[in-house]
Amino acid sequence: MQKRENNKEELLHEIESVLMKVKEQLKLYEDDAAEQMLHELIEQILKEKYDVTPLNSGVRALQYLKKNKPDLILLDVRMASMDGIETLREIREMEDRKDIPVIMLTSQNDKRTVLESLMLGAENYILKPFTIQDLYDRIDSVLDNEK
């Protein structure tokens, strides 16, 4: 069992290194392809521990929420067709979905964006780059509070 835990820690460390490299690409290129690559990597990591349904736009997220009620939403501020703040605003207006906890993900360290997210009811706010362990801890904390 100890060997398996060590392997898991090594894997997490390796994944965090890759995330940091992807983040460096984002700083250099600031393009949607790098952002998409980061989202896909986060998705693969989270699928090890959680049931994940990736949706790459606010519009798709709102359509999904009409038929599904997840335990938690990870919402990036920067998304296609509708940004994360507007998506969060729309979620909070959905009568039977407004209680779903939301964690915002962003590379923006803009106090106005953070404040607006929290005022709209976001449970937490994670600035990129972040460690996988930090993401796990925040997700687990929010989910534990919901029980």
Side-chain angles (χ1 to χ4, degrees), residues 4-5 7-9 11-23 25-27 29-147:
R4 186 172 190 201
E5 285 298 316
N7 288 342
K8 186 176 180 181
E9 287 179 31
L11 178 61
L12 283 175
H13 180 69
E14 187 176 323
I15 290 169
E16 287 172 6
S17 297
V18 171
L19 279 174
M20 294 305 287
K21 289 177 185 172
V22 170
K23 182 60 184 169
Q25 281 183 326
L26 284 173
K27 286 181 184 174
Y29 302 111
E30 291 295 325
D31 68 2
D32 291 334
E35 187 75 16
Q36 181 62 33
M37 193 166 76
L38 179 61
H39 286 183
E40 289 171 4
L41 185 56
I42 292 169
E43 174 191 339
Q44 290 305 313
I45 293 165
L46 292 178
K47 279 186 174 183
E48 295 293 321
K49 190 171 179 181
Y50 309 102
D51 181 20
V52 177
T53 303
L55 303 163
N56 63 357
S57 78
V59 172
R60 287 185 181 153
L62 294 173
Q63 289 171 345
Y64 174 83
L65 288 172
K66 288 179 182 177
K67 297 179 181 177
N68 302 279
K69 188 172 182 182
D71 296 321
L72 172 78
I73 298 170
L74 291 178
L75 190 58
D76 201 321
V77 170
R78 184 175 166 223
M79 292 188 303
S81 72
M82 179 186 288
D83 71 19
I85 298 294
E86 184 58 33
T87 304
L88 179 57
R89 186 174 284 112
E90 293 287 327
I91 292 169
R92 293 304 181 227
E93 290 177 7
M94 297 173 82
E95 190 59 39
D96 57 341
R97 301 295 188 260
K98 64 183 176 185
D99 62 331
I100 300 171
V102 175
I103 297 176
M104 301 297 288
L105 302 173
T106 188
S107 57
Q108 297 177 6
N109 192 8
D110 174 8
K111 288 181 183 179
R112 187 173 140 241
T113 304
V114 173
L115 184 59
E116 190 171 4
S117 299
L118 296 174
M119 288 177 64
L120 287 169
E123 300 293 318
N124 214 316
Y125 200 94
I126 301 176
L127 290 174
K128 300 174 198 170
F130 50 82
T131 67
I132 297 306
Q133 190 58 53
D134 186 33
L135 184 57
Y136 280 152
D137 290 346
R138 291 178 193 226
I139 290 170
D140 290 341
S141 174
V142 169
L143 291 176
D144 287 347
N145 286 338
E146 293 300 307
K147 290 181 180 177

*Minimum heavy-atom distance Glu123-Pro101, with the two atoms named*: CG-CB, 3.4 Å
*Arg92 and Gly121: which non-hydrogen atoms are nearest, and at how many Å?*
NH2-O, 3.0 Å
*Check Tyr125 against Thr106 and note the closest heavy-atom contact, atom names and distance.*
OH-CG2, 3.0 Å
*Does Asn56 have any side-chain contact (heavy atoms from CB on, under 4.5 Å) partners at least two apart in sequence or in another chain, and if so, which?*
Gln36, Arg60
*Full working for side-chain contact (heavy atoms from CB on, under 4.5 Å) between Tyr136 and Leu46*: CA-CA 8 Å; Tyr136 280 152; Leu46 292 178; 3.9 Å; yes
_For Leu55 versus Ala61, what's the shortest heavy-atom pair and its separation?_
CD1-CA, 3.7 Å
Tell me which donor-acceptor pairs under 3.5 Å the side chains of residues 67-76 have, and how far apart each pair is, sequence neighbours excluded?
| from | atom 1 | to | atom 2 | distance (Å) |
| --- | --- | --- | --- | --- |
| Asn68 | ND2 | Tyr64 | O | 3.0 |
| Lys69 | NZ | Asp96 | O | 3.4 |
| Lys69 | NZ | Asp99 | OD1 | 3.1 |
| Lys69 | NZ | Asp99 | OD2 | 3.3 |
| Asp76 | OD1 | Arg78 | N | 3.1 |
| Asp76 | OD2 | His39 | NE2 | 2.6 |
| Asp76 | OD2 | Lys128 | NZ | 2.6 |

*Backbone N/O of Thr113 and side chain of Ser117: donor-acceptor pair under 3.5 Å*: yes
_Which residues pass the side chain to side chain donor-acceptor pair (under 3.5 Å) test with Arg97, not counting sequence neighbours?_
none
*asked:* Rounded to the nearest 0.5 Å, what separates atom CZ in Arg138 from atom CD1 in Ile126?
replied: 4.5 Å
_Any side-chain heavy-atom pair of Leu120 and Val102 under 4.5 Å_ = no
*Between Leu118 and Met104, is any pair of side-chain heavy atoms under 4.5 Å apart?*
no
*Listed partners of Gln63 passing side chain to side chain donor-acceptor pair (under 3.5 Å), at least two apart*: none
_Rounded distance (nearest 0.5 Å) linking atom CD1 of Ile139 with atom NZ of Lys49_ = 8.0 Å
_Residues which pass side-chain contact (heavy atoms from CB on, under 4.5 Å) with Glu90, listed by chain and number, not counting sequence neighbours_ = Leu62, Met82, Glu86, Glu93
*So do Leu105 and Leu135 actually touch side chain to side chain, heavy atoms under 4.5 Å?*
yes
